[in-house]
Amino acid sequence: MATFSQYSVEKGSDTVQDFLCSTCKDEELEEGADYYCGSCVKFYCKKCIHLHSQLFKKHSPHGRGDMKKWPVAKEAEDFLLRCDVHKEEHLKMFCKGHSQLCCCNCSFLNHRQCKEVLLLSDMVKKTSTDLKQQSVTIETTLAELKNIQDNQEASIQSVQSSYDEQLHKIQETRREINAALERLEKETLKEMKHTLTKLQVSLTSDVDKYTTLREELKQLRDAMHNIGGKSKQELSFIASIKCQDKIQQYETLQKKNLEQVNSSITFQPNGEIVQYLSNLTGLGRIEHNTLTVQRKPDPIIKLKGKIIKYDVRILSDEQKCNISAICVLPDRQVLVVDSTNNKVKLLNRKYRVVNHWDEAADDMCQIAPSEVAVTMNKMVKFITVINNQLVKGRELQLDHKCLGIAHHQGDLFVTSGFALYKYTLSGQLVSQLYMDKSDTMTFNTVERCAVSLTGDKLYISNTDQHTVLTLARDGTVLSVFKVPELLTPYGIHVTPAGQVLVCACGGYSASSIIQMDSKGGKELATLATRRDWVEGADSVCYNSNTASIIVGQFENNSILVFKV
């Protein structure tokens, strides 16, 4: 076991830092590892592997394309082996009667009377696990859990908002009566504040439970990814049982929140207060109204407020801009591809261009918090944003034209114009997922692509046939969405809530941003049209930092920002 490696998750992010180079770590440097040598039992970055290969010519290090031969990270192994009850103890046994993993303390305290308490080493010999399917379940659960948490947090805001509104109503009522009601007003406000506090405590407690369960599921997901395919049967079994336990916890919470609940507080004034003043103890009744709303799998986005234009043209641009791709980074900076002027531009939080990289790019997707991959001709290039500078990284030379690109958990999906391919981040071809086999096959049948939050569905735009195809993970066509007449689909984007946005363009006379249902079967809403200044929509991206939608356009120097 390589105990000297490091495997960590950045705070506030799902991004795994991964293994570190052992040699650089000895020099107190943090450099990601690109190779693992089983003979040395050490990790090496691209720089250090050259010296290693000169010194140990008979060693056969394994690169990232062969990570099944890398060891399990110690932190991931420790996380899986640690008992959830007795944090300092390792799991050793499994109680079949209770379907529970046990450390020695658990076995002694809680399972002494159980008939079948087996050693894990014996249990795994006759038990198989499917971590791949459970990883998909975790991803789906995380997405649903995030939606529930968001709804509860919105309910907290709703309570506060209704409280503020009813407070004004109380004050209006108060002005209609004389000073003798001051005592009653104080008693009423006290009661309402008490109601508010009780609701906030209850809702905040639920949110805390969802936050804790999400973090535990994320850790479990990352650990499963790390041990996947490494023949760690014991760890796989432990991960499987822990997954079942966490999913059961989620299902319990889900039953409690089967219907979304929006809580509010209302104040009902007493119309006969003057007559019964001497007998009353308050200005009115404080009520807790509960509004139940059926859960919707695809919340419809609604625009609000004014639309703002931001000029992204710079002095060196020789033509009008064509913003063909947009990425929003966690620090609120924005990257856009200007394909006519052959530039990737970095915008600050106020959407002003602060830097640019001269390269003929087509599409772009986010790989890490500050790293994106861009397509150009037959290459995929990686760019990292460091201190407002665009730093060019590695390049992948592919055997076909590269147009659209999307990323999901280490998988790169690249379109060629008539086919969709799946690659690893190291550039290794995994499979050709889909190819257009129509009689009029051109470079416009598989243009742009996007991937669902859980990675179970892929969306591709077919501009020749004016359709958006929804594919299963293996490339099977699940549904075909025909955009409205005279419009052609191009850019596709999946929001953090799973909503699918499509740029449908018909030239300057007709152009729209459409929300398609996540199953790909129908249109849910037209969010913006030419009446909203959308002319030649080419790209769209949701900015979760500001709750807004950014639209890039063809032959237009401005991007549009819509508040939602």
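In the model, Thr454 has a side-chain atom that pairs as donor or acceptor with a side-chain atom of Asp456 under 3.5 Å. A donor and an acceptor atom, one from each side chain of Asn543 and Tyr351, are located under 3.5 Å apart. No side-chain donor from either of Thr424 and Gln428 sits under 3.5 Å from a side-chain acceptor of the other.
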Evaluate the criterion side-chain hydrogen bond (donor to acceptor under 3.5 Å, both in side chains) for residue pair Gln149 and Glu153; output intermediate values, then yes/no.
CA-CA 6 Å; Gln149 182 180 345; Glu153 290 175 344; 3.3 Å; yes
Might you work through the side-chain hydrogen bond (donor to acceptor under 3.5 Å, both in side chains) test for Asp464 and Thr445, ending with a clear yes or no?
CA-CA 6 Å; Asp464 258 14; Thr445 54; 6.0 Å; no
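For the side-chain contact (heavy atoms from CB on, under 4.5 Å) criterion with Val414, the lone passing option out of Ile405, Leu429, Val446 is Ile405. Just one of Ser416, Cys365, Cys402 meets the side-chain contact (heavy atoms from CB on, under 4.5 Å) condition when paired with Thr375; it is Cys402.
Distance check, rounded to the nearest 0.5 Å: CG of Leu335 to CH2 of Trp357 gives 11.0 Å. Note that the CG atom of Leu217 and the CD1 atom of Ile247 stand 5.5 Å from one another [nearest 0.5 Å]. The distance from the CD1 atom of Ile549 to the NE2 atom of His493 is 8.0 Å, given to the nearest 0.5 Å. Here CG of Leu220 is found 8.0 Å from NZ of Lys246. Values are rounded to the nearest 0.5 Å. From Thr384, atom OG1 reaches atom CD of Glu371 across 4.0 Å, with rounding to the nearest 0.5 Å. Here CZ of Arg531 is found 10.5 Å from CD1 of Ile307. Values are rounded to the nearest 0.5 Å.
A distance-only check finds a donor-acceptor pair linking the side chain of Lys345 to the backbone of Val312 [under 3.5 Å]. Using modelled atom types, one side-chain atom of Asp331 and one backbone atom of Gln333 make a donor-acceptor pair closer than 3.5 Å. Remark: the backbone N or O of Asn388 is paired with a side-chain donor or acceptor of Asn355 at under 3.5 angstrom. For the pair Asp474 (side chain) and Thr476 (backbone), a donor-acceptor distance under 3.5 Å is present. Ser511 places no side-chain N or O within 3.5 Å of a backbone atom of Glu535 that could act as its donor or acceptor partner. The closest donor-acceptor contact from the side chain of Gln152 to the backbone of Val207 lies at 3.5 Å or more, if one exists at all. Looking only at distances, no side-chain donor or acceptor of Asp532 sits under 3.5 Å from a matching main-chain atom of Val534. Side-chain atoms of His466 never come within 3.5 Å of backbone atoms of Lys482 as a donor-acceptor pair (strictly under, hydrogens ignored). Using a distance-only test at 3.5 Å, with no hydrogens or angles considered, a donor-acceptor pair links the side chain of Thr340 to the main chain of Lys320. Under a 3.5 Å cut-off, the side chain of Gln499 and the backbone N or O of Pro299 do form a donor-acceptor pair.
Within 6.0 Å of the NZ atom in Lys563, the count of heavy atoms belonging to other residues, nucleotides or ligands exceeds 12. Other residues, nucleotides and ligands contribute over 12 non-hydrogen atoms within 6.0 Å of the CZ atom of Arg332. Residue Gln432 places its CD atom among more than 12 non-hydrogen atoms of other residues, nucleotides or ligands, all under 6.0 Å distant. Around the CD atom of Gln397, the shell of radius 6.0 Å holds more than 12 heavy atoms that belong to other residues, nucleotides or ligands.
Between Asp362 and Lys401, no side-chain nitrogen of the basic residue sits less than 4.0 Å from a carboxylate oxygen of the acidic one, so the salt-bridge criterion is not met. Ionic pairing of Asp298 and Lys522 is not present here: no N-O contact between side-chain nitrogen and carboxylate oxygen is shorter than 4.0 angstrom.
Contact check for Asn322 versus Glu555: no side-chain heavy atoms found under the 4.5 Å cut-off. Two residues are said to be in side-chain contact when any heavy atoms from C-beta on lie closer than 4.5 Å; Phe554 and Ser339 fail this criterion. Between Leu527 and Ile514, every side-chain heavy-atom pair lies at or beyond the 4.5 Å cut-off.
Classification of the Tyr421-His400 ring pair by plane angle, with boundaries at 30° and 60°, yields parallel.
Contact record, Leu196 with Gln160: CD2-OE1, 4.1 Å, taken as the closest heavy-atom pair. Of all non-hydrogen atoms in His408 and Leu453, the two that sit nearest each other are NE2-O, 2.9 Å. Cys503 and Asp538 make their closest contact through SG-C, 3.8 Å (heavy atoms, listed as atom of the first residue, atom of the second, distance). Across all their heavy atoms, Leu425 and Phe382 have their closest contact at O-CZ, 4.1 Å. The heavy-atom pair separating Phe79 from Glu216 by the smallest distance is CZ-O, 4.3 Å. Contact detail for Asn348 and Lys350: the closest heavy-atom pair is OD1-N, 2.9 Å.
Figure legend: cation-pi geometry between Lys193 and Tyr163, with NZ or CZ positioned under 6.0 Å from the six-membered ring centre and within 45° of its axis.
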